[in-house]
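Written below as structure tokens is the structure these notes are about.
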Number of protein chains: 2
Amino acid sequence: MMPLLRLALLLFLATSLNLAALAVADTTRGTGDLGLIIERETGSVLIFSSQERRVLNRVEGLGDLSHASVVFSPDQRFGYVFGRDGGLTKVDMLEAKIEKRIVQAGNSIGGAISDDGALVAVANYEPGGIRVFDARSLDEVANIPAAPEGKGSKALGLEDVPGRKFVFSLWETGETWIADFSAGNVPVITKMQSGDRPYDALVTPDGRYYIAGLFGEDRLAAIDLWQASPVPKPILEGYRRGAKELPVYKMPHLEGWAVAGSRIVLPAVGSHELLWAEVGTFAEIGRTPVHSQPVFAVARPDGRQVWVNFAHPDNDVLQVVDSQTLQVVKEWKAGPAVLHIEFTPRGNEAWVSVRDLNKVQIYDAHTFEKKAELDAKSPSGIFMSARAHRTGF
Amino acid sequence: MMPLLRLALLLFLATSLNLAALAVADTTRGTGDLGLIIERETGSVLIFSSQERRVLNRVEGLGDLSHASVVFSPDQRFGYVFGRDGGLTKVDMLEAKIEKRIVQAGNSIGGAISDDGALVAVANYEPGGIRVFDARSLDEVANIPAAPEGKGSKALGLEDVPGRKFVFSLWETGETWIADFSAGNVPVITKMQSGDRPYDALVTPDGRYYIAGLFGEDRLAAIDLWQASPVPKPILEGYRRGAKELPVYKMPHLEGWAVAGSRIVLPAVGSHELLWAEVGTFAEIGRTPVHSQPVFAVARPDGRQVWVNFAHPDNDVLQVVDSQTLQVVKEWKAGPAVLHIEFTPRGNEAWVSVRDLNKVQIYDAHTFEKKAELDAKSPSGIFMSARAHRTGF
């Protein structure tokens, strides 16, 4: 057959055969601009292209996605979605399907992926502790029940740090544990006392400092992981002192805590302000009074500005704060229930989920102009695949 | 036709038609782990997967690739290869082919891509100035000849910074120019005097500071791009004073200058040392005596260690320096003509090109164990696609 005739016949057949058509049309594409939007009410995720500002597909059947989060494989093809119900779902963003799904616990609170992309870890409330899985197969590699008195302790603030290590904290025992998988799949565990009831944590972008928020203390704990024998140190002691006591509508997300240059910005618990501290010394630099109780304070990737959303019932507002002057430079009502903010990796756009509008809004991160909107059912978290290559995201 | 018969015929035709077979077999894959190795003698590039530690394909016909560099599209599918001969080649890493190639000048020295991925800029020695192209089509968007007296000035140290801006310097006039494309495709140009004969530059990872090396001065110039009216400031004045004058075998690569935490490390010109300075104040912190004249000093992504290679004739050695103690912690002979070092994005591996071995070596970046080697013809630069999401790479 003549090549041209072959090609024509091939194209005809491919078009008439959906599977092949899809393979040719949709799966030959880069994955660097892909990402997932959590649709919390329907247990589904949207696969989007940030470059095209377009939803490509919806994948359903991911279980309870209230408080869900996502990490990505190094090739940026697969997203690992951590659901509230203990579900761990590996989503193929090219084929738009669930590659594998397991329910690995009764109640879980987030996860992490090792720096070599080989291990996915999940922090569990019920039965407690963390479980670690092979990123390819989701077969169990390690189970760290964290049950010092036979009863599992709620694990949280789980972060991946360089050298195939995970760091996490335990609510009941007030400890922070390092699980070091550098020698293989049997971890070496280091335990430290961080303080009364850690409730979340973050790691700085270089993976050096792990910082835990403590529900039962008027301070936080910082651990310098570069030390040979890391020790939690109290930081920002008395930061709540003098603050008007307010009911806490929603605990701030410490993973959303942001580092702007050499400064770290923290949403205060139960008061209407952001706290600024110097990374390393963690001395307080200043505070910014904001609209209401902050939930996420997310630095634009260049660190020059920080976007902030707020707890119910003031969660229709966005504020932008300058990291040098510490002043609010912009404020607007984005819509009812602004739940999450995600910047494109180089910070030219901010993507904002507005749950009760059923929209994800796309802003120019420099001019604040709204450039586009995407339809989504009760969207919460927005996760871009470039997170694959960042530490502690 | 029955679906099964259709499928059989489709597969037969696809197999007999190489292009379609390739499209079905190889192009459905993530692109987050892809990258390009420059083969300088043969004008070719290797497409590799860092996750699989494997060469996937070779693409030929890229012209003169001595002193070549690469930037990537936001979807991490396309690499833009800047050749010495003025060639700008857009390589499709999925289809393993040249998507488009233009020869846009007589002699060029590198390029950059805007933060929105829309504009690719090239710095030219001959005829001088920069030219800016549409990243999709490679059609010209802007031509900035930088010819104040009718004669083009050699452009170099071209960097992309947030807000659709490019910054570059001019050898003959000693200027640094900012080309601001935020309002569209007609740039607003700002010109500053940096000093005698800038020869290369770097930008800090947040895009805030642009630092130019100056051939004719015993100092460098730093520009804080966050200022409303940026002004070049002299830094590290007199850094060559007292140093033994040595012939300069190869100018160090300032794009390889690395930031480790809040410290910047600079390979000194013509002497056997690294200089350390504090980002922001740019006060000198200390110096590290090294094996010979450093060429690249590349920080592991966590900033804890810096890998250094050297100029001819001492270019068979690698050294690793601790960014906290400033001491050499490891040294070995990797082989003849170590030309480049590239870390995997989260820093678990270092990839090293050894030209005269015709190998790329892959090291565990924590234990220094050699994990694998890839064959390559006279390899020089190694570029991983995660650079797409970093500023100034």
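Chain A is the first sequence line, chain B the second, and so forth, proteins listed ahead of strands; every chain is numbered from 1.
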Self-check item: Nearest-0.5 Å distance, CG of residue A:N348 to OG of residue B:S182
Solution: 12.0 Å

Self-check item: Winner by heavy-atom pair count (cut-off under 4.5 Å) against chain B, out of A:G117, A:P162, A:A118, A:G207
Solution: A:P162

Exercise. Check the pair A:D115, B:H366 against side chain to side chain contact (heavy atoms under 4.5 Å, CB included), reporting the backbone distance first and the verdict last.
Key: CA-CA 12 Å; A:D115 61 353; B:H366 294 269; 4.2 Å; yes

Exercise. Of all the heavy-atom pairs spanning B:S323 and A:W226, show the shortest one and how long it is.
Key: OG-CZ3, 4.3 Å

Practice problem: Name the region of A:S114, side chain, backbone, both or neither, that has any atom closer than 4.5 Å to a heavy atom of chain B. | Solution: backbone

Exercise. Output the option from B:R29, B:Q76, B:R164, B:E52 having the highest count of non-hydrogen pairs under 4.5 Å with chain A.
Key: B:Q76

Exercise. May I ask you to decide whether B:D206 forms a salt bridge with A:R304, counting only side-chain N to carboxylate O separations under 4.0 Å?
Key: no

Quiz item: How far apart are the C-alpha atoms of A:H389 and B:M384, what are their side-chain angles, what is the distance that settles it, and do they pass the side chain to side chain contact (heavy atoms under 4.5 Å, CB included) test?
Solution: CA-CA 11 Å; A:H389 300 307; B:M384 298 202 186; over 6 Å; no

Exercise. Measure the spacing between CD of A:E278 and OG of B:S262 and express it to the nearest 0.5 Å.
Key: 8.5 Å

Quiz item: Quick one: OG1 on B:T31 to CG on A:L34, what's the gap to the nearest 0.5 Å?
Solution: 7.5 Å

Quiz item: Is the NZ atom of B:K330 crowded by more than 12 outside heavy atoms at less than 6.0 Å?
Solution: no

Self-check item: From CA spacing to verdict: side chain to side chain contact (heavy atoms under 4.5 Å, CB included), B:R77, A:T28
Solution: CA-CA 10 Å; B:R77 174 174 180 169; A:T28 299; 3.8 Å; yes

Practice problem: Pick whichever of B:D116, B:T204, B:D302 has the most heavy-atom pairs under 4.5 Å with chain A. | Solution: B:D302

Quiz item: Atom CZ in B:R208, atom CD in A:Q324: separation rounded to 0.5 Å?
Solution: 4.5 Å

Self-check item: Contact class of B:R300 relative to chain A, heavy atoms under 4.5 angstrom
Solution: neither

Quiz item: By a 4.5 Å heavy-atom criterion (distance strictly below it), what part of B:S73 contacts chain A: side chain, backbone, both, or neither?
Solution: neither

Quiz prompt | Ion pair check, B:R346 and A:D160, cut-off under 4.0 Å | solution = yes

